[in-house]
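Just so you know, these numbers come straight off a predicted model, no measurement behind them. The residues of the chain are indexed from 1 along the displayed sequence.
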Amino acid sequence: MADDFYEPLPTAVSYPWALLTKLHSDLLSSPDTVIIAIFVTIFVIGLTTRLFSGSESEADRVAGKDGRTVWLLPYWFPYVGHGYQFLTNPMKLMREARDQSTHGIFALNLGGTRHNIISDPGLVKGVMQKKESEVQFHPISWWIVERFFGIPKRAKSKYDSNWDGLMQPLHNLMREPHLSNMLKGTILGLKTNIPQMISFARSEIDQQPWERFAKAAYISNSETEIGLMALMRDMLGNASVPGLFGSALMEKHPELLHDVYDMDEGLLFFLMGLPAYTPWPGVMKAHAARFRLWQALDDFQMALDATVDDKPVDASWGDLDDVSELILTRHSTFKNQGFEVEERGDLSILWALTVNANLVVFWQLLYILATPGLLERVRAELAPFVKISRPESIGKISEAPKLTIDYEGLSKNCHLFKSIYFEALRLNSQPWSVRSLGSDVIIPSDKKSSNSVPYIMHKGEYITVPHDLHMLDPKYFKNPTTFDPERFLVQKEDGSLATDQGTIRPYGAGPSMCKGRIFAEKECLALVAGVLMFWDIEPADTKAGWVIPGQKKTTAVSLPVKEVRVRIRRRRFEWEE
């Protein structure tokens, strides 16, 4: 047999794809090697994609004289790109990419679409200040409104025409007197509910609704074991929802808060467009919760319609005189502009009101309780602004002690307490800002940096800002995963202390930044301050002590992976000594 070892390869197989074709043909010539051929093909495609996506030409590609294309993290398979890694552990993927990038900006391929990920706060500010025609939020917001909240497609033109009118009440939350008017109902609810937070009742029938959901366990007439996260989440919800929507909504629909929680856990399912019958855990539960929420809010809107039209209203709704200015103003726009009941989007208001701040209070309280010596310092700072007065009594029967909360004083003067609030947000808030590009966008180079370069991002691509990627970046925060109660304390020129949240953006960024952030801050500070001054709380497992649980990602503020069980007693006050 002739030795062809030294014979040159045919020109047809002198480059990779032709070699793959020949190999594939040879393997398929034998039926026994079809499976091998498939695996070899997949391997070669993956390897080739990896080499091309990670090539220097991609990292250094320049578009004209304008700037450099954002560096793309290498990936293995076409179209799929980083999709699987992103779905399974997005933060791990982005931390690895951030560590490999040099300027706080990199790109991912998600389903064939380029997403430019920005973590540097300077770049974020520059991008978010651009015009809506360049960096577009409205298409993203409508996609979420339709997919997640379930607003019918037919209503899009109505929302486009009335966007400013519907958003104006939310903008009013940023200024007085609207902010104080909005807060009145919530603060009143907190002052009423905090002294009655624990009933010390054996029977669930006699317990408060937040105790039942938090699985309260009777210990004695003065002590109860309970789940801290569920307790705090529902305590704030039971004050804030009646404060905006009026008391009748939750009285008629006592499961309302938990339907919001269940719907929120299905966010990814809704955005993927999965129907209710999808055989995947949680999908049907999320759809059923959203359906019940729409039923409740449709009934509420019809009751408001009847009240405005001076028509008979179901007596269980009362006279609806405690519904807030914000909700009434939006209802007026809905009704006067011809929105059908099932097109009205106040589910988005209810969701925003209950899924984020309600978890911040849990983390804030837990960090204070779990940090040695911090509780005493915080109570001393809170004392001038949270007062508990002796109750009225007749014989052996007495009311609960009365609680007053100066929420303005807490925000303006309790700097350590407010720093803890910001630190809880930094550690546990995980909001993302997403924009679509309506035109090519150039990020200019940083003139203060010697190695900074301009970047160009192209029309049709996306910009994603995962704010938690920055808020846990060791480049900006020393020991970023460690709780530091004084991290946001600053000393002014006169030597006095103040708080400064610095570069963290727990409420998002740009024009879409949460309009309720001041409202949320004040209600969170009020609840945690009231609970700390009224109640003593210890870990249920005294041997293990306080344990900070891991986090489970949600739409914004994270859930604990495990409930924290605690024992609660009412504090003894000076008139009881």
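Side-chain atoms of Arg290 come within 3.5 Å of backbone N or O of Phe148 as a donor-acceptor pair. At distances below 3.5 Å, at least one donor-acceptor pair connects side-chain atoms of Thr88 with backbone N or O atoms of Gln85. No donor-acceptor pair closer than 3.5 Å links the side chain of Gln207 to the backbone N or O of Ser199. A distance-only check finds no donor-acceptor pair linking the side chain of Glu381 to the backbone of Val378 [under 3.5 Å]. A donor-acceptor pair under 3.5 Å is formed between the side chain of Glu563 and the backbone N or O of Ala230. Checking side-chain atoms of Asn116 against main-chain N and O of Tyr462 turns up a donor-acceptor pair under 3.5 Å. Distance alone, capped at 3.5 Å, is enough to place a donor-acceptor pair between the Ser558 side chain and the Asn428 backbone. The backbone N or O of Leu469 sits less than 3.5 Å from a side-chain atom of Arg98, completing a donor-acceptor pair. Of the possible donor and acceptor atoms, one in the side chain of Ser220 sits under 3.5 Å from a partner among the backbone N and O of Glu223.
Here ring pair (Phe, Tyr, Trp, His ring centres under 6.0 Å) pairs that include residues 409-428, with residues two or more places apart or in two chains, are Phe422-Phe488. Screening residues 532-572 for ring pair (Phe, Tyr, Trp, His ring centres under 6.0 Å), with sequence neighbours left out, gives Phe534-Phe573. Residues in residues 257-272 take part in these side chain to side chain donor-acceptor pair (under 3.5 Å) pairs, two or more places apart or across chains: Asp234-His258, Asp234-Tyr261, Asp259-Arg292, Asp264-Trp351, Asp264-Thr555, Glu265-Lys552. Pairs engaging residues 173-194 under the salt bridge (Lys or Arg N to Asp or Glu O under 4.0 Å) rule: none recorded [sequence neighbours left out]. Applying the ring pair (Phe, Tyr, Trp, His ring centres under 6.0 Å) test to pairs two or more places apart or on separate chains, those with a residue in residues 357-385 are Tyr367-Phe483.
Residues passing the side-chain hydrogen bond (donor to acceptor under 3.5 Å, both in side chains) test with Glu408, sequence neighbours excluded: Lys522. Among residues two or more places apart in sequence or in another chain, the side-chain hydrogen bond (donor to acceptor under 3.5 Å, both in side chains) test is passed with Arg202 by none. Judged as a side-chain hydrogen bond (donor to acceptor under 3.5 Å, both in side chains), and not counting sequence neighbours, Asp99 has no contacts. With sequence neighbours left out, the salt bridge (charged side-chain N to carboxylate O under 4.0 Å, His left out) criterion links Asp120 to no other residue. Checked against salt bridge (charged side-chain N to carboxylate O under 4.0 Å, His left out), Arg426 has the following partners two or more places apart in sequence or in another chain: Glu423. Take Arg517 and apply the salt bridge (charged side-chain N to carboxylate O under 4.0 Å, His left out) test, not counting sequence neighbours, and it matches no residue. Glu486 pairs by the side-chain hydrogen bond (donor to acceptor under 3.5 Å, both in side chains) definition with Arg377, not counting sequence neighbours.
Expressed to the nearest 0.5 Å, how far CZ of Phe519 lies from SG of Cys524 amounts to 9.5 Å. Put simply, OG1 on Thr464 and CZ on Arg435 are 10.0 Å apart, with the number rounded to the nearest 0.5 Å. Taken to the nearest 0.5 Å, the CD1 atom of Ile405 stands 6.0 Å off from the CD1 atom of Ile187.
Here the closest non-hydrogen pair linking Ala216 and Thr224 is CB-CG2, 3.9 Å.
Side chains of Glu461 and Thr113: no donor on one and acceptor on the other come within 3.5 Å. The closest side-chain donor-acceptor pair between Trp210 and Asn193, if any, does not fall under 3.5 angstrom. Ser496 and Gln491 share no side-chain donor-acceptor pair at under 3.5 Å. Between the side chains of His467 and Ser433, a donor-acceptor pair is found at a separation under 3.5 Å.
Taking a cutoff of 4.0 Å between a charged side-chain nitrogen and a carboxylate oxygen, Glu225 and Lys215 do not qualify as a salt bridge. Using a cut-off of 4.0 Å between Lys/Arg side-chain N and Asp/Glu carboxylate O, Glu538 and Arg567 are scored as not salt-bridged.
You'll find the side chain of Asp484 stays beyond 4.5 Å of the side chain of Phe477, heavy atoms only. Between Val557 and Gln430 there is no side-chain heavy-atom pair separated by less than 4.5 Å. Under the 4.5 Å side-chain criterion, counting only non-hydrogen atoms from C-beta, Val434 is not in contact with Ile463.
Residues Phe269 and His287 place their aromatic rings such that the two centres sit no closer than 6.0 Å. In this structure, His115 has its ring center no closer than 6.0 Å to that of Phe86.
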